[in-house]
Amino acid sequence: MHPFHQVLQKYWGYSEFRPLQEDIISSVAAGNDTLGLMPTGGGKSLTFQVPALAREGICIVVSPLIALMKDQVENLKVLGIKAEMLFSGLSRHEMELKLNKCIYGDVKFLYVSPERLRSDYFKNKVVQMKVNLIAVDESHCISQWGYDFRPSYLEITSFRELFPDVPVLALTATATPDVVDDIQEKLNFRKKNVFQKSFERPNLTYLVRHIEDKNRYLLKILTREKGSAVVYVRSRKRCKEISDFLKLNKIRSEYYHAGLSNKLKDFRQNRWKTDQVQVMVATNAFGMGIDKPDVRVVVHMDLPDTLEAYFQEAGRAGRDGKKAYAVLLYAPSDKVKLEKRIKTSFPEKELIKRIYGALGNFFQIGEGGGEGAVLDFNMATFCHNFKFNVLQAYSSLKILQRAGYLELTDDLEHATKIHFSVQRDELYHYQDTNPKQEKLIRLMLRTYTGLFTDYVAVDEELLAQKCQMKTEEVKEYLVEMARVGMIKYIPRRKTPLVIFTQPRLPIGHITLGKSVYKDRKEKFTEKINAVIDYASAQERCHSQMLLNYFGQKNAPRCGKCDACREKGGVDLKTDEYSSIEGEIQELLTKTERSLEQLVTACNAPEEKVIRVVRLLLDQEKVKYKENKKMVWFSESKIIE
């Protein structure tokens, strides 16, 4: 058995790779810089995990999302594979422990956020590692024309110079042709090398419903489709409102957004994954790393900002290859709301500069200072203190990030972490002299492993429950143990971080060049218009529109979406299609027939009858029996 298949079988239990996976793995193994374009759920992570495991050394994985890194690292550890992750917000001591494990231990994967790559401390450590592969996840972030451009991704270009003989594997689920070229150029590919899986999803039907009463229509969809579902909305408030509405109508539902605690998010996600609830109502915070194959329908209640985002979120339906639906609900007012996003996302330049100045004042950083500072950031307090609109402030900080002045990380909850900083003998002596804390110490040692070698996430509430103490009492003991040097203690916090990537400048020195502001605004406007065009089109195949957007210019009509149904999907006039469908229904309702018998009995040209029959089979209005004859099947589906 080939080493790659051995790794696949050993850790994942599969005997064969999915389409394109093995081609990408073979390319990387041959030392080639490689770009892999695979739709959501296509198994991108295996394309770097398998070759890295099959050879000596460590794989450096660059990823923009802390949540996604955590998810992949935890999944690898469950499989018995050693992996670590570095991101802004870790203490210097935490970083040192993790990096030393990568140098001197047998860690196979080190996940890093892109801003870590500029650190001289990190570079000095990583050159001591035997790196076998550099993987760049969400690689569209390196392209200025990508829908989620991150300037920190440009650090990868100089970082890979430390390892001139190590190949780079760039991965993304969504990229237009311009972005595909830009990724390879920015990453200094030695030669162009792209493996692209078709974006076509034959089992997924894309529907757009022009509807005013969206809640009523959502209820209709979820009542008819009993399978697992995701409903995407724009705001956290709407998450709860719609979930409550569904519960009132006896549909099992939960809601999910970035403002929830990690514990609650995990609990709700698990209930959905194990089918204890049917529907997850969520913002776009839900989905990364979620691999539930049997999602039957994804509904968007609001228009997304880009077709890239829509394609990725809609693509979470039907990963098992069975029939699934992606439904976008559209009302005329949605167009106005989305067009307003252009102004919100690109505030006036003077406002952006004022927000930069206010940020320095908020953190009490003087001009010329602050470079490299990593600071907890409360957006609500900042906006309240300086009377800024939250959305405009957020957008301004993102523009300042693209201009390279700062980094704003995603809003995540960081669990309490503890590391015993003394030897066991000294700890035992401390227990003897501090009997009130002895019970807690013994419980931690029984409950958690690795406390003497690494920072370990602990749950104060669970410890309190098992010790029969109050949570505040446990926290006081931990603070006291940290004060006397027994442990290093990092309390739980939930906040995004602001990182000043260069010294604070006077407002007058802030420049927002053409590529950062004007060009991006024009590109964003194009993307907004593409979404509106997709949502408002009633005569063009929706699958075909998406495929064209991603560069598949000769894509066929799907024959299943609402636009194709209206046209019959087969260059038939609407009344002609309806006439043939009615005739077929009448014939098959009376008696089952073979295709040949049906063509003979119909009063329309053979080619047109066959086309309509194929469409009716796709829609499950017509079904074949075991005797190869067809019957009319009247069970109503979402598309009815």
Side-chain angles (χ1 to χ4, degrees), residues 40-41 67 71 204-304 309-320 322-331 334 337 411-413 494 535 635-640:
T40 300
D71 188 66
L204 184 56
T205 300
Y206 296 96
L207 303 172
V208 178
R209 290 290 186 252
H210 292 220
I211 199 88
E212 286 288 352
D213 189 348
K214 294 185 179 183
N215 284 11
R216 181 192 63 79
Y217 199 84
L218 175 66
L219 191 60
K220 176 182 174 182
I221 291 172
L222 298 176
T223 301
R224 289 184 174 183
E225 178 49 71
K226 302 297 185 184
S228 187
V230 182
V231 177
Y232 281 108
V233 296
R234 272 245 182 235
S235 72
R236 297 178 181 183
K237 182 182 176 185
R238 285 263 285 160
C239 273
K240 185 176 187 309
E241 289 174 350
I242 291 179
S243 181
D244 288 346
F245 165 75
L246 293 175
K247 286 177 182 175
L248 281 173
N249 285 278
K250 296 183 171 50
I251 289 180
R252 293 169 295 121
S253 171
E254 291 279 19
Y255 67 90
Y256 184 110
H257 56 68
L260 303 176
S261 69
N262 279 355
K263 185 179 289 187
L264 187 54
K265 283 192 285 190
D266 290 344
F267 173 74
R268 290 181 175 177
Q269 181 179 308
N270 186 62
R271 277 170 55 79
W272 176 75
K273 289 179 81 169
T274 55
D275 297 318
Q276 294 176 63
V277 296
Q278 177 192 356
V279 183
M280 183 68 82
V281 184
T283 63
N284 60 8
F286 182 75
M288 282 295 179
I290 306 300
D291 189 12
K292 191 176 195 301
D294 60 345
V295 176
R296 298 273 63 87
V297 60
V298 171
V299 181
H300 279 74
M301 301 290 283
D302 305 301
L303 294 183
Y310 179 71
F311 185 79
Q312 196 165 56
E313 289 163 4
R316 295 189 174 111
R319 290 187 183 183
D320 55 6
K322 298 177 182 178
K323 182 166 288 191
Y325 298 92
V327 187
L328 178 64
L329 303 184
Y330 177 65
D334 291 337
K337 290 177 187 174
D411 182 3
L412 276 179
E413 183 176 341
K494 181 175 173 55
E635 182 180 327
S636 49
K637 297 286 179 183
I638 288 177
I639 58 175
E640 303 291 75

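When every heavy atom of A285 is checked against every heavy atom of A258, the shortest pair comes out as CB-N, 3.8 Å. Taking all atoms of both residues into account, the shortest heavy-atom contact from A314 to A326 is CB-CB, 3.7 Å. The two residues R268 and Y255 make their nearest non-hydrogen contact at NH1-O, 2.9 Å. In terms of heavy atoms, A535 sits closest to V208 at O-CG1, 3.3 Å.
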I would like to know whether R238 and D302 meet salt bridge (Lys or Arg N to Asp or Glu O under 4.0 Å); could you show each step before the answer? CA-CA 10 Å; R238 285 263 285 160; D302 305 301; 3.6 Å; yes

So V298 and L204, side-chain contact (heavy atoms from CB on, under 4.5 Å) or not? Walk me through it. CA-CA 10 Å; V298 171; L204 184 56; over 6 Å; no

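Atoms NZ and CG, on K292 and D320 in that order, are 9.5 Å from each other to the nearest 0.5 Å. Residue E254 holds its CD atom at 11.5 Å from SG of C239, rounded to the nearest 0.5 Å. One distance of note links OH of Y206 with CG of L328; it measures 12.0 Å at 0.5 Å rounding. With rounding to the nearest 0.5 angstrom, the OH atom of Y217 is 11.5 Å from the NE2 atom of H210. The CD atom of Q278 lies 9.0 Å from the OG atom of S253; values are rounded to the nearest 0.5 Å. The distance from the CD atom of E212 to the CG atom of L329 is 11.5 Å, given to the nearest 0.5 Å.
A donor-acceptor pair is defined here as one N or O able to donate and one able to accept, closer than 3.5 Å; such a pair exists between the side chain of K226 and the backbone of T223.
Among residues two or more places apart in sequence or in another chain, the salt bridge (charged side-chain N to carboxylate O under 4.0 Å, His left out) test is passed with D266 by none. Shown here are the salt bridge (charged side-chain N to carboxylate O under 4.0 Å, His left out) partners of K214, two or more places apart in sequence or in another chain: D334.
Under the side-chain contact (heavy atoms from CB on, under 4.5 Å) test applied with V233, the options V299, I242, N284 reduce to a single match, I242. When the options Y325, Y310, Y330 are evaluated for a ring pair (Phe, Tyr, Trp, His ring centres under 6.0 Å) with H300, the one that passes is Y310. Under the ring pair (Phe, Tyr, Trp, His ring centres under 6.0 Å) rule, W272 has a single partner from F267, F286, Y256, which is F286.
Using a 4.0 Å cut-off between charged nitrogen and carboxylate oxygen, D275 and R252 do not count as a salt-bridge pair.
For the pair M280 and V295, the minimum side-chain heavy-atom distance is 4.5 Å or more. No side-chain heavy atom of L303 sits under 4.5 Å from any side-chain heavy atom of K337. Here the side chains of L218 and M301 are in contact, with some heavy-atom distance below 4.5 Å. Contact check for D294 versus K322: no side-chain heavy atoms found under the 4.5 Å cut-off.
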